[in-house]
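To start, the structure itself, in structure tokens.
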Amino acid sequence: MSVVASIKQAAAAAVQALYQQPFTAADVSVNTTKPEFEGEYTIVVFPFTKFSRQKPEETAQTIGTWLAANHPGLVAGFNVVKGFLNLSIHDQTWTAFVQGAHHNALVGQQPAKGQKVMVEYSSPNTNKPLHLGHLRNNFLGFSVSEILKANGYEVIKANLVNDRGIHICKSMLAWQLFAHGDTPESTGKKGDHLVGDYYVHFESILRDQSEPIISRVLEGDFSDFDGEQHERITKLHTALHKPEFMANVEKAAQIRKEIKHLARNVSEETKEIISRVIEKRDFSDFEADAKIRIGQLLAELTPQVKADEEKAEKIHDEIKELSRNRTEIMAQAKIMLQQWEAGNPEVRALWQTMNSWVYEGFEATYKRLGINFDKMYFESNTYLLGKDVVEEGLRKGVFFKKADNSVWIDLTADGLDEKLVLRGDGTSVYITQDIGTARLKYDDYQMNQSIYVVADEQNYHFKVLKLIMQKLGEPSADGIAHLSYGMVELPHGRMKSREGTVVDADDLVEEMVTTAARYTEELGKVKDFTEEELRELYETIGLGAMKFFLLKVDPKKKMVFNPEESIDIHGFTGPFIQYSHARIRSILREFSAGDMLALESYRHTDALLPMEKELIMINEQFGDVLAEAGREMSPSVIANYAFLLAQTFNSFYAKKESGKYTYSVRDAESEDKRKLRLQIASLTANTIRQSMKFLGIRVPERM
RNA sequence: GGACCGGUAGCUCAGCUGGAUAGAGCAGCUGCCUUCUAAGCAGCAGGUCAUUGGUUCGAAUCCAAUCCGGUUCACCA
């Protein structure tokens with residue numbers, strides 16, 4: 001049991017004994033003591049005053065006395081400040097802990113709980129290579145899996161590959177039309193990138209073909225459309241041409257144009273300047289005389305004008321979408337999808353060939369990232385699942401049929417909407433598959449929990465999925481959990497493939513590793529390393545920096561990926577922690593295996609110095625931190641902890657008094673102190689290594 | 001419009017199951033390498049915790065309202 005847990009338990013016992021109140025350890029609030037007061041942990045006694053019927057100070061005094069008398073091994077002393085009971089923990093508690101834990105290479109690992117958890121993550125599409133957004137997903141999924149394992153769960157890492165559908169056909173079609181038989185071998189290109197290039201090629205043809213259709217629509221010529229779509233297009237066109245609406249849209253465009261003109265001489269993205277001034281009223285990009293004019297312009301940009309501008313944009317988007325669907329190349333892609341579903345041998349063969357290229361590419365990327373899976377699922381095998389479950393649901397009355405034969409569930413009582421689960425023609429929608437796949441996974445593993453690592457834009461989807469499964473009475477239902485994470489944005493905003501701002505995963509990794517190599521060479525501390533050792537070190541540092549950067553932020557928050565900061569090696573970064581580890585290892589290298597072995601029977605009995613105590617204390621919290629990270633499914637908890645630990649060790653290491661290192665290991669003031677500090681150093685190195693391992697990050701012996 | 005998420009230092013983020021004077025990192029400014037790795041350490045400066053009200057011994061944290069930003073509410077996946 002952790003020290004904090006022991007304190008809570010003892011405090012609860014104190015309250016029970018002194019006031020005869022049913023108080024549990026969970027009701028006790030314990031904080032680390034503020035540095036300006038004596039002690040390590042503090043019990044907040046305000047909640048006890050209710051039944052002590054004494055002032056907070058007196059209550060604290062009473063409880064402190066009881067604790068010191070009944071738990072002398074834990075509480076060596078105490079002091080009271082207002083309602084805060086500051087406890088000085090007995091040094092023996094700390095020295096016993098270091099003695100027991102310092103050599104444990106698997107520190108933190110909990111015994112098996114006998115529970116199974118599936119973590120589904122990565123889930124790439126086979127039409128494009130991985131990008132920055134996938135990296136957050138992959139690192140999160142992997143790290144959460146490791147954290148859960150450390151907490152004693154049996155974890156199944158699953159990857160559900162999206163290997164079918166219209167987007168896959170797009171790459172296939174473009175390859176067929178334009179590749180002249182190119183392969184990864186013939187071009188020397190990584191398979192996933194080759195296929196991705198043809199996806200991009202398809203999109204550019206699609207753009208070329210849809211532009212004339214869009215122009216015709218804007219000119220009032222709807223001859224490309226028929227039926228319902230013709231009606232819809234007509235409506236959109238009419239909406240766009242309402243006189244007052246048009247006037248507002250034009251006005252907004254004029255205002256933006258003039259702002260842009262006024263800011264011309266500033267050497268920066270004009271788009272950013274415009275958004276700064278419009279969204280944030282930040283005038284810093286303009287000359288004093290221009291500011292008056294800008295003020296006038298902003299006043300003209302009324303909410304109505306802005307709303308119309310936005311609405312116009314939406315209408316244009318819809319026209320664009322409808323037009324894209326009327327192109328020749330889109331029609332061809334749709335035919336190909338039908339052929340695929342019908343099992344056309346030629347299409348299936350092409351599909352298999354191209355997918356195999358992609359898998360080879362993904363395999364290489366996963367390997368470099370250090371990511372793996374226990375179970376692969378493929379949508380081509382699962383996309384038809386779920387229909388039978390829908391049938392069952394219909395019979396049970398969970399679902400209902402509409403006039404056009406489509407099947408729905410009514411979730412309005414749960415605050416949601418009606419949701420379609422099967423189309424009128426009997427074909428599946430996205431959620432149909434997920435219903436079927438959830439059952440399949442459960443049949444395969446009977447896990448207690450099933451975690452989906454998926455971006456937060458799908459929060460609604462997973463809420464619906466869980467509700468449906470619960471209403472169906474599926475045994476897997478209550479274990480479904482959505483580990484929802486925020487989007488990764490770039491300093492100028494979201495990544496957009498249309499604007500070419502998508503950050504490719506392979507490129508990014510390469511850049512990180514190259515930068516790590518440059519820093520390392522500049523410092524020149526590992527000149528004796530072999531080629532192979534250097535290569536591995538660069539990978540460790542480069543990937544460490546990137547993983548740490550993406551994992552240090554709370555998953556549920558969206559994050560900004562700043563390329564410059566991500567490759568930084570100072571401060572709250574992966575390399576800082578790796579460096580701290582390497583530094584400790586270099587201390588430990590001076591001692592023999594025999595020296596280290598002798599530590600196991602050693603327990604320090606002298607008083608502990610402040611930073612010795614502090615370091616042991618932080619190390620001792622690792623178990624609680626790990627449990628919290630598991631509970632919250634949040635690697636950032638570990639990242640913050642690892643940084644605190646490394647930082648504290650660095651202070652311990654560098655602390656000097658009158659020109660001498662206060663906490664020197666090698667030149668310790670006594671043999672006993674040397675042994676103690678060796679234990680502390682060894683423990684800290686192990687805890688750092690383990691916490692980084694749970695983030696999927698390796699730590700070097702030297703750097 | 002409904003639902004959900006977010007708003008903390010110039011920037012990026014901790015803290016949010018209520019607790020003491022709100023913390024890091026980066027950027028800026030000062031110092032510290034003949035001594036276990038300076039990818040480091042010590043320090044200075046920087047805050048109406050979006051706003052307003054409420055709950056109470058105590059609110060960045062809980063509740064309500066408002067403002068701002070995002071996501072979603074597809075017979076897309």
Side-chain angles (χ1 to χ4, degrees), chain A residues 26 29 31 33-34 36-37 42 44-47 49 55-56 81-84 86 123 125 162 164-167 279-280 321 379 383 404 406-408 415-417 419-425 427-431 433-434 455-461 463-464 484 486-487 489 491 494 516 519-520 522-523 525-526 541 545 549 552-554 556-562 564-565 568-573 575-580 582-591 636-637 639-640 643-644 646-647 650-656 659-661 663-668 677 681 702-703:
Chain A
S29 145
N31 306 323
T33 305
K34 296 270 164 198
E36 57 269 36
F37 302 114
T42 296
V44 184
V45 298
F46 291 104
T49 55
K55 288 178 185 159
V81 181
K82 293 189 283 181
F84 299 96
N86 302 321
S123 306
N125 294 344
N162 184 344
R164 62 158 287 280
I166 190 73
H167 47 296
E279 310 302 336
K280 296 188 180 169
E321 199 49 44
E379 272 196 25
Y383 82 107
D404 66 349
S406 57
V407 183
W408 297 73
L416 306 178
D417 307 290
K419 184 83 187 168
L420 177 91
V421 292
L422 203 63
R423 291 192 186 107
D425 61 6
T427 56
S428 297
V429 287
Y430 180 43
I431 202 145
Q433 292 180 51
D434 269 352
D456 61 7
E457 25 178 33
Q458 296 197 36
N459 285 353
Y460 180 78
H461 173 78
K463 218 186 230 176
V464 170
S484 157
M487 292 292 186
E489 293 177 5
R494 287 185 72 162
Y519 282 127
T520 307
E522 276 170 13
L523 290 168
K525 293 182 183 180
V526 285
I541 298 171
F549 189 86
K552 70 181 178 185
V553 181
D554 183 351
K556 68 171 184 286
K557 292 193 175 177
K558 69 175 184 194
M559 68 176 298
V560 176
F561 185 87
N562 185 323
E564 278 125 55
E565 282 176 24
D568 200 358
I569 55 175
H570 306 284
F572 189 20
T573 66
F576 171 94
I577 297 167
Q578 290 172 322
Y579 171 76
S580 308
R583 195 185 229 180
I584 301 171
R585 295 301 306 167
S586 97
I587 296 173
L588 296 175
R589 262 196 304 277
E590 293 197 17
F591 297 88
S636 71
V637 172
N640 279 290
F643 177 63
L644 171 70
Q647 209 181 25
N650 283 332
S651 298
F652 170 89
Y653 175 90
K655 176 86 174 161
K656 261 184 181 180
K660 278 180 64 187
Y661 284 121
Y663 299 102
S664 177
V665 179
R666 190 184 51 203
D667 305 322
R677 288 175 197 158
R702 291 176 58 196
M703 68 186 275

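Side chains are part of it too, since the values below use all heavy atoms of this structure and drop only hydrogens, waters and symmetry mates. All chains are named by letter (A, B, ...) in the order of the sequence lines, taking the proteins before the strands, and each is independently numbered beginning at 1.
Counting any heavy atom pair closer than 4.0 Å across all strands shown, V665(A) reaches a base atom. Residue contacts for G659(A): at a heavy-atom cut-off of 4.0 Å it reaches a base atom on one of the strands shown. Contacts of S651(A) with the nucleic acid, taken as non-hydrogen atoms under 4.0 Å apart, involve only primed sugar atoms and P, OP1 or OP2. Using a 4.0 Å heavy-atom cutoff across all strands shown, R494(A) reaches sugar-phosphate atoms only and no base atom. At a threshold of 4.0 angstrom between heavy atoms, the contacts of Y663(A) include nucleobase atoms, whether or not backbone atoms are also involved. Note on F572(A): only backbone sugar-phosphate atoms sit closer than 4.0 angstrom, heavy atoms only; bases stay farther off. When heavy atoms are screened at a 4.0 angstrom cut-off, I541(A) is found touching base atoms of the nucleic acid. Residue K463(A) is in sugar-phosphate contact alone, with no base atom involved, counting any heavy-atom pair closer than 4.0 Å across all strands shown. If you check every strand for non-hydrogen atoms under 4.0 Å, E379(A) touches sugar and phosphate atoms only. Contacts of K655(A) with the nucleic acid, taken as non-hydrogen atoms under 4.0 Å apart, are absent. Backbone-only engagement by N650(A) is indicated by non-hydrogen atom pairs under 4.0 Å involving sugar-phosphate atoms exclusively. Note on M703(A): a base of the nucleic acid sits closer than 4.0 angstrom, heavy atoms only.
Among all heavy-atom pairs drawn from N640(A) and K552(A), the shortest one is ND2-O, 4.0 Å. Of all heavy-atom pairs spanning V45(A) and P56(A), the tightest one is CG2-O, 3.6 Å. L422(A) approaches T427(A) most closely through the heavy-atom pair CD1-O, 3.5 Å. Of all heavy-atom pairs between T49(A) and K55(A), the closest is CG2-C, 4.3 Å. Between R423(A) and S428(A), the closest heavy-atom pair is NH1-O, 2.9 Å. Nearest approach of Q458(A) to Y430(A), heavy atoms of both residues: OE1-OH, 2.8 Å.
For the residue pair N459(A) / S484(A), a side-chain donor-acceptor distance below 3.5 Å is found, with atom types taken as modelled.
Only the C1' atoms considered, G18(B) is 15 Å distant from C49(B), to the nearest whole Å. Comparing the P positions of C11(B) and G28(B) gives an interatomic distance of 16 Å, to the nearest angstrom. To the nearest whole angstrom, the two P atoms, one in A9(B) and one in G46(B), are 15 Å apart. As rounded to the nearest Å, A50(B) and G6(B) have P atoms that lie 12 Å from one another. With C1' as the reference atom, G58(B) and U71(B) are 36 Å apart, rounded to whole Å. Taking atom P on both nucleotides, A45(B) is separated from G7(B) by 28 Å, rounded to a whole Å. Across the P atoms, C63(B) and U55(B) are found 16 Å apart, a figure rounded to whole Å. Distance noted for atom P between C41(B) and G47(B): 25 Å (whole Å).
In this structure, R423(A) does not reach the A74(B) phosphate: none of its side-chain N or O atoms is under 4.0 Å from OP1 or OP2. In terms of phosphate contacts, Q647(A) brings a side-chain nitrogen or oxygen within less than 4.0 Å of OP1 or OP2 of G25(B). Considering only side-chain N and O atoms, R583(A) lies under 4.0 angstrom from the phosphate OP1 or OP2 of A38(B). OP1 or OP2 of G40(B) has at least one side-chain nitrogen or oxygen of H570(A) nearer than 4.0 Å. At least one side-chain nitrogen or oxygen of Y653(A) sits closer than 4.0 Å to the OP1 or OP2 atom of A38(B).
Residue G571(A) is the one, among G571(A) and R666(A), whose nearest nucleotide of RNA chain B lies closer to the 5' end (criterion: closest heavy atom). Nucleotides of RNA chain B nearest to D425(A) and T520(A) differ in position, and the one nearer the 5' end is that of T520(A).
C36(B) atom C1' lies 14 Å from atom NZ of K660(A), rounded to whole Å. The nearest whole Å value for the distance from the OH atom in Y579(A) to the P atom in C41(B) is 9 Å.
Counting only heavy atoms from C-beta on, E457(A) has its side chain closest to U72(B) among C13(B), U72(B), C36(B). Of the candidate nucleotides A77(B), C26(B), C41(B), A77(B) has the atom lying nearest to any side-chain atom of Q433(A).
Base orientation of C33(B): syn (glycosidic angle within 90° of 0).
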Seminar exercise, completed: Pairs under 3.5 Å (Watson-Crick or G-U), crossing ones as [ ], inter-strand ones as |: RNA chain B comes out as ((((((((.[[[[.)...(...]]]].(((((.......))))).....[[[[[..)....]]]]])))))))....

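R494(A) pairs by the salt bridge (charged side-chain N to carboxylate O under 4.0 Å, His left out) definition with E457(A), not counting sequence neighbours.
The structure places CZ of R666(A) at 4.5 Å from CD of E590(A), a figure rounded to the nearest 0.5 Å.
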Seminar exercise, completed: Going 5' to 3' through nucleotides 14-20 of chain B and flagging B where a protein heavy-atom sits under 4.0 Å of the base, S where only the sugar-phosphate is that close, and - otherwise, we get S-B--BB

